[in-house]
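Right, one structure below, let's go through it.
Just follow the structure's listing: the first ligand is 1, and inside any ligand the first atom is 1. Residue numbers start at 1 and run along the sequence shown.
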Amino acid sequence: MNSAVAVAAHAKVNLFLRVLAREESGYHGLETLFCLVSLADRLRAERRDGQAITLEVTGAECGPPAQNLAVRAAELVLAATGRRFGVHLTLEKRIPVQGGLGGGSSDAAAALLAVNALAAHAVPRHELLQFAARLGSDVPFFIGGGPLALAWGHGERMLRLPPLPSAPALLLQPPVGVSTPDAFRQVDVARQGVGVRGAVALDLEALQSWGSVGRLAGNDFEFALFGRHPELRQAFEALAGTHPLLCRMTGSGSTILAVYRTAREREDARQQLPPRLGRCLSVETLAAPPAPPEAA
Ligand code: C5P
């Protein structure tokens, strides 16, 4: 049995995101198309004597370890396997925090997989999926095993789709902080008096090429947030002006994604963007499932 494993925790983007009705719990139903990108944190998990879970983070400030989703994920697996050992987690953060890229959720999914690997895969996959759903809305997608999935509910119900071809993309981060609860509130406010939304039929073919995914409706948070945050709208308009196949805000923001035909077009676009719009990262979308945890 391995005494230490490591796994890449990839970021996600939402290729479309619709916010549905507000439920009694206060949460909203969602309908979204998730896609993994190459940008990833790295999580290493090492068996330790005792029962403690410790965490060391480099690259970003993530708040107190006890509240870290990766620690809570490790705790769920250790509790389910009889607390036979402790775990030391090392997290190298590369995914910007709170940007709508799912970094915290991906770290949690990576911790579920890595600690389960240390426990000789004692927790069956369907149970890991239940743990994932308890940890947060985006976590099930990250342990789902595929790079592209249509998800609904709170993101815990999914249809895995044949991957889109890997494509060059830019992630632009305007210097705007958007809190998730606030973003949902803005959607509710923006909707008041607008009435119920129309019927939608999604065709599988429309989810199989970048051109047709780009023509689908965007992200409901865009409309709700652009009025309040002019920097967001400016960044979006500048990126859309570089003629990508698709331009979208991801999650509840504030990162904006643009997908291009070629790496050359992406780099040309990057040159055109004034630095004041925000930090820009070049990534590729993934067309294959990420590698499972490996001995480290
Ligand atoms: O999932 P998370 O705890 O990050 O969500 C933070 C807040 O965002 C929730 O308390 C809720 O107000 C809002 N939310 C929502 N519908 C969702 C997810 C989050 O209304 N599906």
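The residues Arg228 and Asp182 are annotated as salt-bridged, a charged nitrogen and a carboxylate oxygen being separated by less than 4.0 angstrom. Ion pairing between a basic and an acidic side chain is recognised when a charged N comes within 4.0 Å of a carboxylate O; Arg125 and Glu127 show no such pairing.
By the 4.5 Å heavy-atom criterion applied to side chains, Pro174 and Leu277 are not counted as neighbours. Taking 4.5 Å as the limit, every side-chain heavy atom of Trp152 sits out of range of all side-chain heavy atoms of Leu20.
Judged by a 6.0 Å distance limit and a 45° cone about the ring axis, Arg83 is not positioned over the six-membered ring of Phe85.
Of the N or O atoms in Thr180, none lie within a sub-3.5 Å distance of an N or O in ligand 1.
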Carefully, step by step, assess Leu273 and Leu239 under the rule side chain to side chain contact (heavy atoms under 4.5 Å, CB included).
-> CA-CA 7 Å; Leu273 296 168; Leu239 207 50; 3.6 Å; yes

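For atom 7 (C) of ligand 1, the nearest non-hydrogen atom of the protein is Pro181 CG, 3.7 Å. Residue, atom and distance of the protein heavy atom nearest to atom 10 (O) of ligand 1 are Tyr27 OH, 3.8 Å. Closest to atom 13 (C) of ligand 1 among all protein heavy atoms lies Phe184 CD1, 3.4 Å.
Within the 4.0 angstrom cut-off, atom 4 (O) of ligand 1 has no protein heavy-atom neighbours.
Taking a 4.0 Å cut-off on heavy atoms, Gly136 fails to register as neighbouring ligand 1.
Distances below 4.0 Å separate heavy atoms of Gly26 from the following atoms of ligand 1: 20 (O). Here is the list of ligand 1 atoms found below 4.0 Å of a heavy atom in His28: 15 (C), 16 (N), 17 (C), 20 (O), 21 (N).
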